[in-house]
There are 2 protein chains.
Amino acid sequence: MRPTVHDIAAAAGVSLATVDRVLNRRPGVRHVTREKVETAIRQLGYIRDVAAANLAKGRTYPLVFILPASDNSFMHGLNGEIRQAILRSAAERTDIRTIEVPAFDPAALVAMLEELSREKPCGVAMVATDAPEVCATVDKLVHAGFPIVTLVSDLTGSLRHHYAGVDNIAAGRTAARLLGRFLRPRKGEIAVLAGSMLVRDHRERLEGFTAVMAEEFPDLAILPVLEGRDDPEIAHMLVADALARNAGIVGVYSLGAGNRGLIRALKEKAVDRTLTVIAHELTTHTRAALIDNTIDAILNQDAGHEVRSAIRVLKAKADGLPVIDAQERIRLDIFLKDNLP
Amino acid sequence: MRPTVHDIAAAAGVSLATVDRVLNRRPGVRHVTREKVETAIRQLGYIRDVAAANLAKGRTYPLVFILPASDNSFMHGLNGEIRQAILRSAAERTDIRTIEVPAFDPAALVAMLEELSREKPCGVAMVATDAPEVCATVDKLVHAGFPIVTLVSDLTGSLRHHYAGVDNIAAGRTAARLLGRFLRPRKGEIAVLAGSMLVRDHRERLEGFTAVMAEEFPDLAILPVLEGRDDPEIAHMLVADALARNAGIVGVYSLGAGNRGLIRALKEKAVDRTLTVIAHELTTHTRAALIDNTIDAILNQDAGHEVRSAIRVLKAKADGLPVIDAQERIRLDIFLKDNLP
DNA sequence: GATTTTTTGATTTACGTACATCAGAATTGG
DNA sequence: CCAATTCTGATGTACGTAAATCAAAAAATC
C-alpha cells in the first residue's frame with residue numbers, strides 16, 4: 001500500500017499537523033524537525049495523493065486563453081477546441097475562459113496580461129505576439145508565480161514555462177524538402193504565399209523553407225513572398241496574378257491561412273499546368289483540395305492537441321508536478337491524400 | 001458550484017442512500033423512485049466526481065499488457081514505454097503488469113487470455129496475433145465485461161473496445177505515394193522488405209503500398225517481397241543479394257523491423273546508386289540513416305503515445321467514461337531529416 | 001526563573017463519494 | 001387485514017489530504 005501522511009508522521013515521530021506543515025510549506029516548524037519529516041518522506045517514498053488533496057482543497061483551476069481576434073479557419077478551429085475543453089471542465093476541475101485581443105497588437109496584449117495578473121488565474125495560455133514588451137510582461141508574471149504557456153506561436157527568449165505548438169522552422173524545412181523532392185528534376189520558380197511577415201510563425205516557416213531550398217534545391221528559385229494577410233480574397237488575387245504573369249512557376253508553398261483563395265486561383269489558372277503545391281493547416285477546403293490533387297501535401301498542427309496539452313501543462317505547473325515531455329511535444333502532421341484522418 | 005449527491009437527494013426528495021443506490025446500480029429501488037432520481041441528476045447536470053469516488057473506493061486499476069516475445073527495437077521501445085508508465089503508476093492509481101507470450105502463436109495467446117480472465121484485471125492491452133480463435137476469446141472476454149484494447153496490431157472483426165495503433169493500410173499507401181513522387185519520373189523496380197506476411201500489420205502495409213503503386217505509379221514495378229523475419233542479419237542478406245543481382249532497383253520500402261541490416265546492405269551495395277528508401281519505425285539506426293541520406297523518409301508510430309493512450313482508454317472504459325476520440329487516434333508520423341524530434 | 005515567543009501535538013471538520021447496517025415505511029401476496 | 005417482502009431513510013465510517021483551533025511543550029529572551 002502507498003504510504004500516507006499518517007505513515008510519515010509515525011515514521012518521523014511527529015504529529016500529523018507537523019507533516020502537513022512541512023508538506024504545504026507552512027511556517028512553524030523547526031529546521032531539524034522539518035529535516036526529520038523530509039527524510040521520512042524520502043525513505044517511505046511518499047507521494048502526495050493529488051486527487052485527495054484537490055478534493056480537500058476544493059481546488060479548481062481557473063485558466064485563461066488569450067487569442068488574437070483573427071477571422072480564419074485555424075483560429076476558429078482553435079476556439080472550437082477550447083469550447084470542447086470547457087465542456088469537459090466539470091470533470092477536469094478546470095474553469096476556462098477565453099479572451100480575444102486585437103491581432104498583432106503587443107500593447108493590447110500587454111494591457112490584458114497586466115489586467116489578468118490582478119485577478120489570480122492559476123494559469124494563462126496565450127497565442128503570443130512576438131514583441132519585447134510582451135516578453136518583458138510575461139517574464140514579470142512568471143516571476144510572480146503565474147504558470148504561462150504559449151500557444152501556436154512562441155515567445156522565444158521569454159521565461160514562459162512551455163510552448164504548445166510546432167517547430168515552425170522545422171515545418172518550413174520539411175515543406176521545402178517535400179516540394180523539392182516532389183519536383184525534382186524539374187527546374188523553375190516557387191511562389192510563396194504567406195499571411196504576414198510580421199508574425200513570428202510565418203517568418204520562421206519562410207526561414208526554414210528558404211534555407212533548405214538554397215542548400216539542397218538550387219534549381220528552384222523562390223519568388224518574392226506574396227503577403228495575403230490570411231485573407232482568401234487577397235490570396236486569390238495575388239496567386240492568380242502571379243500565375244498569370246509567370247509561366248515558370250512549378251511549385252507553390254502556402255505557409256499561412258487564406259487557402260480558400262489560393263485553391264480557387266489554382267483551379268482557375270493552373271488547370272493545364274502541373275503545379276506542385278504544399279499548404280499549411282488542414283481545413284475542409286485544404287482537405288478537399290488534397291483529395292482532388294490540387295494540393296499535394298498539407299502540413300498541419302493539431303489544434304485539439306495544442307489546447308489539451310496547454311491545459312495539462314498549466315495544471316501540472318500549478319501543482320508543481322512534472323510533465324511528460326514526449327507527450328506534450330506537438331508534432332508536425334504531414335498529410336498526403338492517403339493518411340488523412 | 002457543481003451539484004453533489006446531497007443536492008440530488010434534496011432535489012429528488014429522497015435520501016442519500018437511495019441516490020447512492022441509483023448511481024451505483026444497486027438493487028432495492030422502485031422503478032418510479034429510480035426515475036425521480038435520474039430526472040434530478042439530469043436536471044441538475046450532476047457529474048460524479050471520479051476523483052472522490054476513486055478515493056472512497058480505494059480504487060486502483062490493475063492493467064495487463066500482453067506483448068509478443070520479439071527481439072526488435074520497436075518491441076524494446078514499447079517495453080520501455082510501459083516501464084515508464086509503471087513508474088507513473090503511483091500517481092495514476094494504475095498497477096501495470098506485462099506478460100510476454102511467444103510471437104505469432106495464437107494458441108499461447110488464447111491460453112494466456114483465459115488464464116487472465118480468472119484473476120480480474122480491470123483492463124487488458126494486447127498486441128494481437130490475428131487469428132479466429134484469438135478473436136473469439138477476445139469477444140468472450142469483452143462480453144464478460146473486460147475492457148480490452150489492441151495495441152500496435154489490431155484484431156479487426158473482434159469486439160475489442162479500442163485499437164491503439166496506426167492505420168497500416170494508410171501507412172502503406174502513404175509510403176507508396178512518397179516513394180512514387182520522390183522517384184518520378186524515373187522508371188524501375190522497387191524492393192519491398194517485410195518481416196513476415198503472417199503478421200497483419202505487415203500484410204496491411206503491403207496491401208496499401210501495392211494498391212497505390214498500381215494505381216498511380218505504373219512505371220515502378222514491385223519485386224517479390226523479401227521476408228526478413230524482422231531480423232537484421234536476414235534482412236542484410238536478402239537486400240544485399242537483391243541489389244547485387246538487380247541493377248534496375250531504384251527504390252526500397254522496408255515495412256517491418258530489422259532495419260539495421262537493411263542500412264548496412266545499402267551502405268555496402270548502393271554507394272554509387274541513387275536509391276530512394278522509405279522505412280518504418282524511428283530507431284537510433286534509422287534516425288542516423290535518415291540524417292546521412294541513406295534513408296529518405298521514415299514512417300513511425302509513437303510507442304509512447306500508444307501505451308499512454310491504451311492506459312487512458314482502459315481506465316475510461318473501466319469507469320464507464322467517454323474517451324476523446326481525436327486524442328486517442330494514433331497518428332502516422334512522417335519524418336524527413338528536417339522534422340526529427 | 002519568569003516571560004514571551006516559537007514550535008509541536010492533539011483533535012476536529014471538511015471535501016464528495018462508497019458502502020454497510022438497521023430500522024421503519026410502503027407494497028405485495030395470501 | 002396480517003404477514004412477508006420489498007423499498008427507503010437515517011446514520012456512520014472510510015478514503016487521503018487540507019486547514020483550522022487550542023493546548024502544551026520547548027526554546028529563546030530578559
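Heavy atoms only: backbone and side chains are in, while hydrogens, waters and symmetry mates are out. Keep in mind that this is a model prediction, so the values were computed, not measured. The chains referred to below are lettered A, B, ... by the order of the sequence lines, with proteins before strands, and numbering in each begins at 1.
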B/T4 side chain near C/dG16 phosphate (N/O to OP1/OP2, under 4.0 Å): no
Separation of atom NE2 in B/H31 from atom P in C/dT28, rounded to whole Å: 14 Å
Candidates A/E92, A/R88, A/Q84 - the one meeting side chain to side chain contact (heavy atoms under 4.5 Å, CB included) with A/R308: A/R88
Sugar-phosphate, base or nothing in reach of A/A53, heavy atoms under 4.0 Å: sugar-phosphate
Candidates C/dA10, D/dT17, D/dA14 - which lies nearest the side chain of B/A56: D/dA14
Rounded distance (Å) that lies between atom C1' of C/dC15 and atom CZ of B/R48: 17 Å
Integer-rounded Å distance: D/dG9 C1' and B/D20 CG: 13 Å
Touch class at under 4.0 angstrom, heavy-atom based, for B/G58 against every strand present: nothing
Beyond-backbone contact of A/T94 with A/P62, side-chain heavy atoms, under 4.5 angstrom: no
Residue met sooner reading DNA chain D from 5', once A/N24 and B/V29 are mapped to nucleotides: B/V29
Sugar-phosphate only, base, or nothing, as touched by B/R2 at under 4.0 Å among non-hydrogen atoms: nothing
Along DNA chain D (nearest heavy atom to each residue), the more 5'-positioned of B/P27 and B/L55: B/P27
Short side-chain donor-acceptor distance under 3.5 Å, B/N24 and B/R48: yes
Nucleotide D/dT17, atom C1' - distance to NE2 of A/H6 in whole Å: 9 Å
Inter-residue atom distance A/L113.CG - A/M126.CE, 0.5 Å rounding: 5.0 Å
Spacing of A/K57 atom NZ relative to C/dT13 atom C1', expressed in whole Å: 18 Å
Touch class at under 4.0 angstrom, heavy-atom based, for A/N54 against every strand present: nothing
Whole angstrom value for the distance that separates P of D/dC7 from CZ of B/R25: 17 Å
Sugar-phosphate, base or nothing in reach of A/V14, heavy atoms under 4.0 Å: sugar-phosphate
Touch class at under 4.0 angstrom, heavy-atom based, for B/D49 against every strand present: sugar-phosphate
Of A/L16 and A/R30, the one whose closest DNA chain C nucleotide lies more 5': A/R30
Spacing between A/I47 atom CD1 and D/dC15 atom C1', to the nearest angstrom: 17 Å
Nucleotide D/dA10, atom C1' - distance to CZ of B/R21 in whole Å: 10 Å
Ring-face cation of B/R59 near B/Y61 (centre distance under 6.0 Å, axis angle within 45°): yes
A/T18 vs C/dG9: side-chain N/O to OP1/OP2 distance below 4.0 Å: yes
